[in-house]
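The next block holds one structure in the form of structure tokens; read it before the comments.
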Amino acid sequence: MAQEQNDVLTIAGVQFSSRLFVGTGKFASPEIMAQALEASGTALVTAALRRVDISDPSDSLLSAIDTERYRLMPNTSGARDAAEAVRLAKLAKAATGNNWIKLEVTPEPNHLLPDPVETLEAARILVKEGFVVLPYINADPVLARHLEDVGCATVMPLAAPIGTGRGLKTRDQLGIIIEQANIPVVVDAGIGLPSHASEAMELGADAVLVNTAIAIAEDPLAMAKAFKLGVRAGRMAYLAGPAGESHRASASSPLTGFLEETA
Amino acid sequence: MSTFSDHVSADLPRQMAEKMASVDEGAVLRVLASSRIKPEDAPVLFSPPARKYLEQLAQKSRRLTLERFGRAVTLYAPIYLSSACTNQCSYCGFAAHRDIERIKLSPEQAMQQAEILFEQGLRHWLLLTGEAPSVYGMDDICKVARLLRPKAASLSVEIFPTDLAGYKNLARAGVDGLVIYQETYDRDLYARIHEAGPKRNFDFRMSAIEHGGQAGFRTLGIGALLGLAHAPVEACMMAAHGAYLQKRFPQARLAISFPRLRPVPGGTPVLHPVSDADLTQLIVGMRLMFPDAELVMSTREPAPLRDRLIPLGITRMSAGSRTTPGGYGHADDAEKGQFVTEDQRSVFEVASAIRAAGYDVVYKDFDPALVVDSDML
Ligand code: SF4
């Protein structure tokens, strides 16, 4: 338990009490969204710049997000290339002073798969401009490395295409990304059930981002709570050192230690 | 470069009808069970045997729409800029031979209209004109677009078809979406109901949307005027058209409209009636083939039906529409419009109905920064 209490997620120097990030789109109303955010226990929420009027505090979606409680991370969803994403991000920063940006570059509206080339390009520019950049990417370990190298605060690989709720279809690549990364890895998109979130956390993800699965559930509040528990359970299991599929070497009693004894 | 109209022979609708006639229940069940329904499945989805499974199709459509779009419906409003028209479309209130007062709006008047909509919360605007470029041409439309752009979330046009250069000008002026209804995919019927004017050119009209795709519009909207030809066949043609556009312009979002013909006095009557159930089958079938497409419903349809169709797959709706240039801010003169609207509720009332259906009302789902530089904003 002590281990769990000291277990704080830090991104770009900011500490987060929850490892569940929540998206704000697709809810039946801003009120239901606000209640779901609360039930989820999240500390970080993302909102699409294309959906909100970022310079207008009375915007119905923005005003429903209590920024005293949650860090707001705008996202560039809808951007088709680096130039568009950079433009959106800069406007948001100019309007609010907020320099956190979830970078999404999706050239095609069908499946909304992220463009690795344009995302890397945009990340490079935005990091230079002083943004804290959290890029949404396909589960590509090589790309994740590149993004870490240009100074991104996290990488956010997808589990499955957005909205599909199919779970960890990219499990093997996610495992490699997690193993290699020196920055937090947030599994984004495709998580449809709390058990998927658990699975991502057990695998060693630092956090998960969930939107559709909560927003379109029959009871979004109950589902938000279920995800909160799923994420915690998965994290606890990870910290506990799972006997089954851990990638980490188990320290207690090396089996081949004797080989070194004679050396 | 080949265009979709190369694939649309005069005989194609008949072939589609034949294909549809051969569909049996087994084919419907196979499609229902498949995990990825494809545009080639259109004749099955729109066939008479599929009607028996309308509820299952609707459930699937609802699920898919929720996944992709969430519990949200985006509102838009038409802004009619000019009713001048040189075409003689036999079903239209603005047709050239009709003795009506022709109105065209100055950019300032258009802005006034936009401001009225803005006050009501509406930010997605669709600019419309008839086809009379010498009276109201591309320059006029671009001027309006430039003026409205900073206030609009999204700006689309439904105007006369033009060439790539024309569409590039519109895109530079900040227009992000293009709508062109082919009206009917039946060449013979098309020739009969388009009695005079440049619109008689079926192929030019059909290839125009592809020029729009090349110009980089974010949304490409298609539609057939339902009630002219046999609707299930038209829907098959729309599906083929949509599939073609999606493949050729994967960066653009497809939008599909389902306007049912509302006859104007002395105009073409409904030739093939489309019942509410027929329309429902078209909508849910289209959703299953195009999970990410915007499915659009205008105020042509009556309020109770519009409300019912929300959960089934509709993602865009107009509200409080006026179909006459300068129509907003005046007492209703719906009779003078391009067509008579059925759902005459206010924006507020439509929004309340959407919320009552358990959906959020989205007024802004696009940002001008995506398409224009900040110096234009
Ligand atoms: S449908 Fe369009 S082109 Fe045809 S007459 Fe009416 S306004 Fe003119």
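Lettering follows sequence order; numbering is per chain, from 1. In this text, all values refer to a predicted model and were calculated from it rather than measured experimentally.
- More than 12 heavy atoms of other residues, nucleotides or ligands sit less than 6.0 Å from atom CZ of B/Arg345.
- Contact check on A/Arg50 versus B/Asp365 returns a salt bridge, with a Lys/Arg side-chain nitrogen under 4.0 Å from an Asp/Glu carboxylate oxygen.
- For a residue to count as touching a neighbouring chain, one of its non-hydrogen atoms must lie under 4.5 Å from one of that chain's; by this rule A/Ala79 touches chain B with backbone and side chain alike.
- No side-chain donor-acceptor contact under 3.5 Å links A/Arg51 to the backbone of B/Phe366.
- Here the straight-line distance linking atom OG1 of A/Thr212 with atom CZ of B/Arg71 works out to 11.5 Å at 0.5 Å rounding.
- In this structure, B/Asp367 CG and A/Ser77 OG are separated by 10.5 Å, a value rounded to the nearest 0.5 Å.
- When heavy atoms are compared at a cutoff of 4.5 Å, B/Arg355 does not approach chain A at all.
- Contact record, A/Leu91 with B/Ala369: CD1-CB, 3.1 Å, taken as the closest heavy-atom pair.
- In B/Lys60, the NZ atom is crowded: over 12 heavy atoms of neighbouring residues, nucleotides or ligands sit closer than 6.0 Å.
- Counted within 6.0 Å of NZ on B/Lys151, heavy atoms from surrounding residues, nucleotides or ligands total more than 12; the atom is thus considered enclosed.
- Note on A/Ala83, A/Ala213, A/Pro161, A/Ser29: by heavy-atom pairs under 4.5 Å with chain B, the leading option is A/Ser29.
- For the pair A/Ile216 and B/Arg63, the tightest heavy-atom approach, listed with the atom from each and the gap, is CD1-NH2, 3.8 Å.
- Scanning both residues, A/Thr164 and B/Arg68, for their nearest heavy atoms gives CG2-NH2, 4.3 Å.
- Contact between B/Glu67 and A/Lys26 at its shortest, heavy atoms only, is O-NZ, 2.6 Å.
- Ranked by heavy-atom pairs under 4.5 Å with chain B, the list A/Ile162, A/Asp53, A/Val52 is led by A/Val52.
- Neither the backbone nor the side chain of B/Val73 comes within contact range of chain A, judged by heavy atoms closer than 4.5 Å.
- Of the candidates A/Thr76, A/Asp81, A/Leu88, A/Leu49, B/Leu370 forms a side-chain contact (heavy atoms from CB on, under 4.5 Å) with just one, namely A/Leu88.
- For the atom pair OH of B/Tyr363 and OG of A/Ser60, the computed distance is 8.0 Å after rounding to the nearest 0.5 Å.
- Heavy atoms closer than 4.5 Å to chain B are found nowhere in A/Ala92, neither backbone nor side chain.
- Only the backbone of B/Ala252 has a heavy atom closer than 4.5 Å to any heavy atom of chain A.
- A/Pro109 approaches B/Gln251 most closely through the heavy-atom pair CD-O, 3.6 Å.
- Only the side chain of B/Arg123 comes within contact range of chain A, judged by heavy atoms closer than 4.5 Å.
- The two residues A/Pro30 and B/Asp360 come nearest to each other via the heavy atoms CD-OD1, 3.7 Å.
- A distance of 4.0 Å separates CZ in B/Arg218 from CZ in A/Arg80, rounded to the nearest 0.5 Å.
- If you tally non-hydrogen atom pairs under 4.5 Å between each of B/Ile354, B/Val362, B/Asp292 and chain A, the highest count goes to B/Asp292.
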